[in-house]
Number of protein chains: 2
Amino acid sequence: MNVNAKLFMALSNQTRLNILQWLKDPEKEITSVSSEEVRYMMKEKGGICVADIAENAGLAQSTISKYLSDLHNCGLLISERHGKWTYYRRNEENIQELSKYIAKEL
Amino acid sequence: MNVNAKLFMALSNQTRLNILQWLKDPEKEITSVSSEEVRYMMKEKGGICVADIAENAGLAQSTISKYLSDLHNCGLLISERHGKWTYYRRNEENIQELSKYIAKEL
DNA sequence: TTGACATTTCGATGATTCGCGATACGATGA
DNA sequence: TCATCGTATCGCGAATCATCGAAATGTCAA
């Protein structure tokens, strides 16, 4: 992962921070769909889809699509497309790498 | 330290990231004054003064003063005033705290 | 091929940030 | 007290970001 100003920019918005938080425990935090559905998406599709995250955030779907794309571009999220849907989940490896970078290189 | 969007905003600018880097090894990185002077400032004054960092950055004094204030306000730098001068150094404790926050809470 | 649907991209507008020069503040020394 | 010097703050125009709705793209199913 490339740790740079752009990455920190992605983290400098409360909604994008919220998204990262929600995806830590989506079954609990994504309340716009049932936890069964959330569990299914996470296990079978590898993440939560854009519309559900947008619903949770209360912002326009196009805004959230952009945010998710930003978080994906800087390596903080992994995206997986299944048919019409794009599912996003955390990139735990890169988050740990970021932590180590800050401890040693920042 | 309070880890929030404002903190990441402070890190989302290349010059501010550079400043943090320079203050890791100022004797080597602050080239606008002699290394003797840098050593003296670090040891006796507890940091590097605004003008020298501005010189190093090649940006206006007012710009760098603001950047240093931002980095100080979010806990990444410590400032110490001696007479007319304000000296800034890294807040290593908070930087490690930030690293741990990212590893566990982000 | 067409229709429907999820997502992405585009264009617009208001808000925020960047970086500057000018100015105000605070400390020193004559 | 006053002049000077380092720093902090203010106000500005330019650039970037936030957010929306509309339009374009991609995918499935009929």
Side-chain angles (χ1 to χ4, degrees), chain A residues 4-20 23 30 32-33 37-38 40-41 44-74 76-89, chain B residues 4-20 23 30 32-33 37-38 40-41 44-74 76-89:
Chain A
N4 53 26
K6 196 177 294 274
L7 190 165
F8 291 115
M9 179 62 82
L11 291 170
S12 72
N13 171 285
Q14 188 57 53
T15 299
R16 289 189 296 260
L17 287 177
N18 288 343
I19 290 171
L20 282 169
L23 294 180
I30 303 292
S32 43
V33 286
E37 223 166 320
V38 168
Y40 171 75
M41 278 195 283
E44 304 300 327
K45 305 297 187 178
I48 305 293
C49 67
V50 178
D52 289 345
I53 297 172
E55 170 82 27
N56 223 56
L59 291 178
Q61 182 270 333
S62 62
T63 300
I64 298 302
S65 174
K66 172 81 163 54
Y67 284 0
L68 291 169
S69 155
D70 291 345
L71 289 166
H72 175 252
N73 284 142
C74 71
L76 290 167
L77 292 183
I78 296 168
S79 82
E80 204 169 311
R81 187 164 244 252
H82 291 254
K84 296 186 268 198
W85 291 271
T86 307
Y87 298 89
Y88 288 94
R89 67 177 182 276
Chain B
N4 53 26
K6 196 178 294 275
L7 190 166
F8 291 115
M9 179 62 81
L11 291 170
S12 73
N13 171 284
Q14 189 56 53
T15 299
R16 290 190 294 262
L17 287 177
N18 288 343
I19 290 171
L20 282 169
L23 294 180
I30 303 292
S32 44
V33 285
E37 225 166 317
V38 168
Y40 171 74
M41 277 195 282
E44 303 301 327
K45 304 298 187 179
I48 306 293
C49 67
V50 177
D52 290 344
I53 297 172
E55 171 82 27
N56 222 59
L59 292 179
Q61 179 270 329
S62 61
T63 301
I64 298 302
S65 174
K66 173 76 162 55
Y67 284 0
L68 291 168
S69 154
D70 291 344
L71 289 166
H72 176 251
N73 283 140
C74 72
L76 292 166
L77 292 183
I78 296 168
S79 81
E80 205 168 310
R81 186 162 245 253
H82 291 255
K84 296 186 271 198
W85 290 270
T86 307
Y87 298 89
Y88 288 94
R89 67 177 182 277

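Everything numeric in this text was worked out from a predicted model, so none of it was measured.
- Within residues 48-56 of chain B, the residues that place at least one heavy atom under 4.0 Å from DNA chain D are, in residue-number order, B:Cys49, B:Val50, B:Ala51.
- Regarding contacts with the backbone of C:dC18, a side-chain N or O of B:Arg16 is found under 4.0 angstrom from either OP1 or OP2.
- Per the geometry, CG belonging to A:Leu59 stands 11 Å off P belonging to D:dA18, to the nearest Å.
- The phosphate of C:dT9 (OP1 or OP2) has no side-chain N or O of A:Ser62 nearer than 4.0 angstrom.
- Atom P of nucleotide D:dA8 and atom CG of B:Asp70 are separated by 12 Å, given to the nearest angstrom.
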Query - side-chain contact (heavy atoms from CB on, under 4.5 Å) between B:Arg89 and B:Leu23, intermediate numbers included - result: CA-CA 6 Å; B:Arg89 67 177 182 277; B:Leu23 294 180; 5.6 Å; no
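- The distance between atom CD1 of A:Ile64 and atom C1' of C:dT8, rounded to the nearest whole Å, is 14 Å.
- Proximity of A:Thr63 to the phosphate of D:dC20: a side-chain N or O atom is located under 4.0 Å from OP1 or OP2.
- Following rounding to the nearest Å, A:Phe8 (CZ) and C:dC18 (C1') show an atom-to-atom distance of 19 Å.
- Distance from the side chain of B:Ser65 is smallest to D:dT7 among C:dT7, C:dT17, D:dT7.
- The NZ-C1' distance, from A:Lys84 to D:dT27, rounds to 7 Å in whole Å.
- Judged as a salt bridge (Lys or Arg N to Asp or Glu O under 4.0 Å), the pairs with a partner in residues 49-74 of chain A (not counting sequence neighbours) are, in order, A:Lys66-A:Asp70.
- In this structure a side-chain-to-backbone donor-acceptor pair under 3.5 Å is present from B:Arg16 to B:Met9.
- Phosphate contact (OP1/OP2 of C:dT7, side-chain N/O of A:Tyr88, threshold under 4.0 Å): absent.
- Every residue meeting the side-chain contact (heavy atoms from CB on, under 4.5 Å) condition with A:Asn73, not counting sequence neighbours, appears here in chain and number order: A:Ser69.
- For C:dC18, the OP1/OP2 oxygens have a side-chain nitrogen or oxygen of B:Asn13 closer than 4.0 Å.
- Between the NZ atom of A:Lys66 and the C1' atom of D:dA18 there is a distance of 9 Å, given to the nearest Å.
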